[in-house]
Amino acid sequence: MEELQNFLKIHSTVEVAQFLVGMYLEHETAKGKLGGYIVDCEAYLGPDDQAAHSYGMRQTPRLKAMYQEAGTIYLYTMHTHLILNIITETAGIPQGVMIRALQPVAGIKQMEENRGKTGVALSNGPGKLVQALGITRDLYGHSIFTSPLRLVTEKRKQPKKIQSLARIGIPNKDKWTEMPLRFVAAGNPYITNIRKSQISTDYGWQKEQH
DNA sequence: CCAACGATATACT
DNA sequence: GTATATCGTTGGT
């Protein structure tokens, strides 16, 4: 965990976003541990990024967590859905990574119950994975290092290829609309809007090394 | 009041 | 398979 904390300190938001592809995300709930691999995420680059909530160093009550230290959990609601972000820089620099999709590994049965769906619909979108993992607003502002919701570096998988794409859902933001700040594990079926022909049988992971 | 870092159902080639 | 319409809540001018 200290290792991860250090990683956040010395790397840029974009580098962290790329590192989070393949990272194991786990939520310890009353109904057991729910977790899986992050396969799709987006970087939001604070003051300059027109698509970021914190564009122009905007300060509002809900943005409070964005100005806290790296590892802080930033949650916001969007059209009835809760969206999960992880803050990536030191306090005062409002940048973060939005978690877009997860390949479920542990507690899949519980996730199906939480979602009322099965298969890729469990977690192939930001609001979906939050619901699948049972994440709630009271995690707002807590740390990814010390809360029931945490990143497990030891279980991280290595993607064969990280693909850079334009971010989703941010039209009319000049160059920021097109900038390749979205990173996915190429070939993984849980990626948002992936085409069937793009899915690979190994789900986009490197082979385990022995 | 209205836009928003979505999700879903429904309607189409 | 892709496209659109509608749902719905909260935060910020």
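Labels below follow one simple rule: chain letters A, B, ... track the order of the sequence lines, proteins then strands, and each chain is numbered from 1.
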Colleague: By the ring pair (Phe, Tyr, Trp, His ring centres under 6.0 Å) test, which pairs, at least two apart or in different chains, include something from residues 6-44 of chain A?
Modeller: A/Phe7-A/His11, A/Phe7-A/Phe19, A/Tyr24-A/Tyr37, A/Tyr37-A/Trp205
Colleague: Name the atoms and distances for all side-chain donor-acceptor pairs under 3.5 Å in residues 125-134 of chain A, with sequence neighbours left out.
Modeller:
{"residue": "A/Lys128", "atom": "NZ", "partner": "A/Asn124", "partner atom": "OD1", "Å": "2.8"}
{"residue": "A/Gln131", "atom": "OE1", "partner": "A/Arg115", "partner atom": "NH1", "Å": "2.7"}
{"residue": "A/Gln131", "atom": "NE2", "partner": "A/Asn114", "partner atom": "O", "Å": "3.3"}

Colleague: By nearest heavy atom, map A/Lys173 and A/Leu129 onto DNA chain B; which one lands nearer the 5' end?
Modeller: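 The residue whose closest nucleotide sits nearer the 5' end is A/Lys173.
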Colleague: With sequence neighbours left out, write down each residue that passes side chain to side chain donor-acceptor pair (under 3.5 Å) with A/Gln50, or none if nothing qualifies.
Modeller: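 Side chain to side chain donor-acceptor pair (under 3.5 Å) check on A/Gln50 returns A/Asp174.
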Colleague: Using Watson-Crick or G-U wobble pairs with both distances under 3.5 Å, give me DNA chain C in dot-bracket, 5' to 3', with [ ] for crossers and | for pairs to another strand.
Modeller: |||||||.||||.
Colleague: Which atom pairs, donor and acceptor, lie under 3.5 Å between side-chain atoms of residues 90-100 of chain A and protein residues at least two apart or in another chain?
Modeller:
{"residue": "A/Gln95", "atom": "OE1", "partner": "A/Thr13", "partner atom": "OG1", "Å": "2.5"}

Colleague: Heavy-atom nearest nucleotide on DNA chain C for A/Gln59 versus A/Met78: which residue maps closer to 5'?
Modeller: A/Met78
Colleague: With a 4.0 Å cut-off on N to O distance, would you call A/Lys9 and A/Glu89 a salt bridge?
Modeller: no
Colleague: For residues 165-172 of chain A, which side-chain donor-acceptor pairs fall under 3.5 Å, sequence neighbours excluded?
Modeller:
{"residue": "A/Arg167", "atom": "NH1", "partner": "A/Ala43", "partner atom": "O", "Å": "2.9"}
{"residue": "A/Arg167", "atom": "NH1", "partner": "A/Asp49", "partner atom": "OD2", "Å": "2.7"}
{"residue": "A/Arg167", "atom": "NH2", "partner": "A/Asp49", "partner atom": "OD1", "Å": "3.2"}
{"residue": "A/Arg167", "atom": "NH2", "partner": "A/Asp49", "partner atom": "OD2", "Å": "3.4"}
{"residue": "A/Arg167", "atom": "NH2", "partner": "A/Trp176", "partner atom": "O", "Å": "3.1"}

Colleague: N/O contacts under 3.5 Å, protein versus nucleotides 3-8 of chain C?
Modeller:
{"residue": "C/dG8", "atom": "N2", "partner": "A/His79", "partner atom": "NE2", "Å": "2.7"}

Colleague: Closer than 3.5 angstrom, by distance alone: can the side chain of A/Thr29 be matched with the main-chain N or O of A/Gly32 as a donor-acceptor pair?
Modeller: yes
Colleague: If you pin A/Ile170 and A/Gln131 to their nearest nucleotides in DNA chain B, which one's is more 5'?
Modeller: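 Result: A/Ile170.
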Colleague: Tell me, please, the opening and closing nucleotides of DNA chain B, 5' to 3', among those with an atom under 4.0 angstrom from a non-hydrogen atom of chain A.
Modeller: B/dA4 to B/dA9
Colleague: Where along residues 89-107 of chain A does a heavy atom fall under 4.0 Å from DNA chain C?
Modeller: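 Nucleic-acid contacts, sorted: none.
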Colleague: Which residue pairs pass the ring pair (Phe, Tyr, Trp, His ring centres under 6.0 Å) test when at least one of the two sits in residues 49-75 of chain A, sequence neighbours left out?
Modeller: A/His53-A/Tyr76, A/Tyr74-A/Tyr76
Colleague: Which pairs pass ring pair (Phe, Tyr, Trp, His ring centres under 6.0 Å) with one or both residues in residues 128-148 of chain A, sequence neighbours excluded?
Modeller: none
Colleague: Rounded to whole angstrom units, what separation is found between the CG atom of A/Leu82 and the P atom of C/dG11?
Modeller: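 For the pair A/Leu82 CG and C/dG11 P, the rounded distance is 11 Å.
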Colleague: A/Arg62 near the nucleic acid: base, sugar-phosphate alone, or nothing, with a heavy-atom cut-off under 4.0 Å?
Modeller: sugar-phosphate
Colleague: Figure out the NE2/C1' separation between A/His53 and C/dG11, and round it to whole Å.
Modeller: 10 Å
Colleague: Once you apply a heavy-atom cut-off of 4.0 Å, does A/Ala52 come out as touching a base, just sugar-phosphate, or nothing?
Modeller: base
Colleague: In residues 175-202 of chain A, which residues come under 4.0 Å of DNA chain B by heavy atom?
Modeller: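 Those residues whose heavy atoms fall under 4.0 Å from DNA chain B, taken from residues 175-202 of chain A, amount to none.
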Colleague: Heavy atoms only: give me the nearest A/Met23-A/Leu4 pair and the separation to one decimal.
Modeller: CE-CD1, 4.1 Å
